Amino acid sequence: MRGEQEKSSTRTRHPRRGVRPAVIGPATHHYYKHQQIHPRTSPIDLYQGCPKGEHQNLVTEDITVVEGEVAIISCRVKNNDDSVIQLLNPNRQTIYFRDVRPLKDSRFQLVNFSSNELRVSLSNVTLEDEGRYLCQLYTDPPQEAFTTITVLVPPHNLVIDVQKDTYVEGEEVEMNCTALASKPAGTIRWFQGNKALTAVKTDVEYMEERMFRVRSQLVLTAKREDDGIPIVCLVDHPAVKDLQTQQYLDVQYKPMVSVSVKYPQGLTREGETLELVCSATGKPRPESILWQRVDDDLPEHVLILGDNLLFGNLNKTDNGTYRCEASNSVGSASADYTLFVYDASATTEPAVHDTWAGDETPLVVDHAVIGGVVAVVVFAMLCLLIILGRYFARHKGTYFTHEAKGADDAADADTAIINAEGGQNSCEEKKEYFI
């Protein structure tokens with residue numbers, strides 16, 4: 001009867017509240033058998049025979065790992081008294097019970113087992129492995145510690161899309177850079193050389209399985225300085241460093257033209273030889289270069305040698321402006337040279353004859369404008385003299401009569417009148433009478 005009561009008591013025993021029994025696999029069953037424990041006994045029932053664990057401390061840390069790499073899970077105990085340590089996955093399946101692995105997933109391997117630590121490695125981590133793992137210590141009361149595995153997924157690809165391959169200077173260039181399937185969402189930045197560029201807009205799209213797609217758009221105006229310079233799209237992501245791609249710009253532009261003197265150096269005198277060199281660069285390369293004389297025909301003795309203009313015997317009839325014009329499929333541009341021929345015996349340095357290109361014009365001093373400015377200044381000075389003359393004519397000064405003599409020192413008008421009358425009386429008193 002007593003044995004039946006004990007057996008009945010074993011059947012009706014329930015786990016403690018708040019603690020879920022672990023899944024018992026074959027390895028755990030073997031451990032129970034070796035320890036002479038009935039295999040149907042729940043792990044919670046073991047608490048009844050465990051010593052008190054009030055001073056034990058179970059600790060673990062959260063883990064962040066990149067997809068495909070290895071995660072190390074560590075359950076550590078301070079001052080352990082040989083209590084059982086086990087590790088469970090987010091589905092509450094026992095991964096390791098002491099040094100035994102009931103779970104068939106071979107990616108889990110035992111790194112270290114002792115009375116103070118259970119350390120397990122998880123290789124080739126996938127996004128499905130993400131979640132909360134549980135470290136359990138079989139004490140009375142039981143101790144639990146959670147460790148969260150966070151899986152990072154780097155962008156699978158980084159792509160730049162452009163509207164076309166070749167642009168003409170002044171056109172608008174639109175580029176789109178897309179970072180595919182990452183977790184968390186990355187941040188896209190643009191560069192041109194060492195210069196940071198600002199994106200027009202950035203869109204973040206949520207995909208399935210906690211993945212994100214990021215798309216950034218860049219708009220700029222094509223310049224000749226941009227030709228052959230790479231535009232770099234770089235993504236910042238905690239799972240990868242220096243992930244970037246680049247796109248080279250092919251920019252076409254009209255020629256840049258300049259004219260220089262090959263010889264002579266200094267004065268261009270009568271009877272000497274002058275050679276002008278026309279330099280033109282553009283993309284595509286200029287197809288042709290044309291020399292002409294502005295507002296007149298080229299002199300008969302002038303030769304065109306490729307891109308150069310040769311004057312064999314200078315004379316003063318050669319004076320004028322000579323223009324070099326270059327063109328390609330994008331457009332045309334020109335540069336001018338003003339020639340002034342000096343006497344054969346001239347030694348004075350000439351004024352600098354500048355060249356200018358394309359749509360620019362030379363600086364011309366308008367003498368009429370200078371004369372007008374001088375006339376205005378002279379007229380203003382005459383007006384000022386007339387005004388000063390009239391002012392001084394009106395204010396010639398002040399004078400006093402004898403009648404007001406003595407009134408200057410008076411404090412008020414009444415005193416001044418008395419002083420004035422007193423002056424008259426004094427004059428009368430000075431009169432002398434002769435009998």
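Numbers here are sequence positions counted from 1. Predicted model, so just to flag it, every value in this text is computed and none were measured.
- Counting heavy atoms from C-beta on, the side chains of Leu110 and Arg101 never come closer than 4.5 Å.
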Inset, instruction - Dump the intermediate steps for side-chain contact (heavy atoms from CB on, under 4.5 Å) on Arg224 and Lys283, then the final yes or no. - result: CA-CA 9 Å; Arg224 62 185 64 196; Lys283 188 176 182 181; over 6 Å; no
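- Between the side chain of Asn328 and the backbone N or O of Pro284 there is at least one donor-acceptor pair closer than 3.5 Å.
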Let me have the donor-acceptor pairs involving side chains of residues 150-163, under 3.5 Å, with sequence neighbours excluded, atom names and distances please.
from, atom 1, to, atom 2, distance (Å)
Gln163, NE2, Glu174, OE1, 3.4

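- Considering CG of Leu122 and CD1 of Ile63, their distance stands at 8.5 Å, rounded to 0.5 Å.
- The environment of Lys164 atom NZ is dense: over 12 non-hydrogen atoms of other residues, nucleotides or ligands sit within 6.0 angstrom.
- Heavy-atom minimum distance, Val277 versus Trp291: C-CZ2, 4.4 Å.
- Here the shortest heavy-atom pairing between Asp227 and Val251 reads OD1-N, 3.0 Å.
- Considering all non-hydrogen atoms of both residues, Ser83 and Leu137 come closest at CB-CD1, 3.7 Å.
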Legend entry - Pair Lys316-Asp343, side-chain contact (heavy atoms from CB on, under 4.5 Å): steps then yes or no: CA-CA 8 Å; Lys316 292 192 176 182; Asp343 295 333; 2.6 Å; yes
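- Screening Glu209, Glu130, Glu67 against Lys183 for a side chain to side chain donor-acceptor pair (under 3.5 Å) leaves a single residue, Glu130.
- The shortest non-hydrogen separation linking Pro102 to Tyr96 is CD-CA, 4.0 Å.
- Between the side chain of Gln265 and the backbone N or O of Lys262 there is at least one donor-acceptor pair closer than 3.5 Å.
- Under the 3.5 Å distance criterion, the side-chain polar atoms of Gln143 are matched with a main-chain donor or acceptor of Leu58.
- You'll find the side chain of Arg119 reaches within 4.5 Å of the side chain of Ile72, heavy atoms only.
- A donor-acceptor pair under 3.5 Å is formed between the side chain of Thr147 and the backbone N or O of Glu61.
- With values rounded to the nearest 0.5 angstrom, Leu134 atom CG is found 8.0 Å from Leu87 atom CG.
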Inset, instruction - Apply the test side-chain contact (heavy atoms from CB on, under 4.5 Å) to residues Asp307 and Ser279: give CA-CA distance (whole Å), side-chain angles for both, the deciding distance (0.1 Å), then the verdict. - result: CA-CA 7 Å; Asp307 298 341; Ser279 301; over 6 Å; no
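- Ile231 is listed as a side-chain neighbour of Met175, based on a closest heavy-atom distance under 4.5 Å.
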Review item, side-chain donor-acceptor pairs of residues 195-207, under 3.5 Å, at least two apart:
from, atom 1, to, atom 2, distance (Å)
Glu205, OE1, Arg213, NH1, 2.8
Glu205, OE2, Arg213, NH1, 3.3
Tyr206, OH, Arg210, N, 3.4

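- With values rounded to the nearest 0.5 angstrom, Asp242 atom CG is found 9.0 Å from Asp236 atom CG.
- In this structure the side chain of Cys233 reaches within 4.5 angstrom of the side chain of Ile188, judged on heavy atoms.
- Contact record, Pro264 with Thr273: CD-O, 3.2 Å, taken as the closest heavy-atom pair.
- Taking 4.5 Å as the limit, some side-chain heavy atom of Tyr322 sits within range of a side-chain heavy atom of Pro299.
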Inset, instruction - Output, in order, the C-alpha distance, side-chain angles, deciding distance and verdict of side-chain contact (heavy atoms from CB on, under 4.5 Å) for Asp226 and Tyr253. - result: CA-CA 11 Å; Asp226 300 330; Tyr253 49 91; over 6 Å; no
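- Counting only heavy atoms from C-beta outward, the side chains of Ile149 and Ile73 approach each other to under 4.5 Å.
- Put simply, the side chain of Cys135 does not reach to within 4.5 Å of the side chain of Ile85, judged on heavy atoms.
- With rounding to the nearest 0.5 Å, the separation of CD in Gln247 from CG in Asp165 is 7.5 Å.
- Between the OG1 atom in Thr166 and the CD atom in Gln252 there is a gap of 5.5 Å [rounded to 0.5 Å].
- Side chains of Glu117 and Ser74: a donor-acceptor N/O pair is present below 3.5 angstrom, by distance only.
- Ring geometry for Tyr133 versus Phe108: interplanar angle of 30 to 60°, hence tilted.
- Classification of the Phe311-His301 ring pair by plane angle, with boundaries at 30° and 60°, yields perpendicular.
- Scanning both residues, Phe191 and Arg189, for their nearest heavy atoms gives CZ-NH1, 3.7 Å.
- Atom NZ of Lys241 and atom CG of Leu234 lie 13.0 Å apart (nearest 0.5 Å).
- Within the 4.5 Å cutoff, the side chain of Leu339 has heavy atoms near those of the Leu314 side chain.
- A donor-acceptor contact shorter than 3.5 Å is absent between the side chain of Arg98 and the backbone of Val84.
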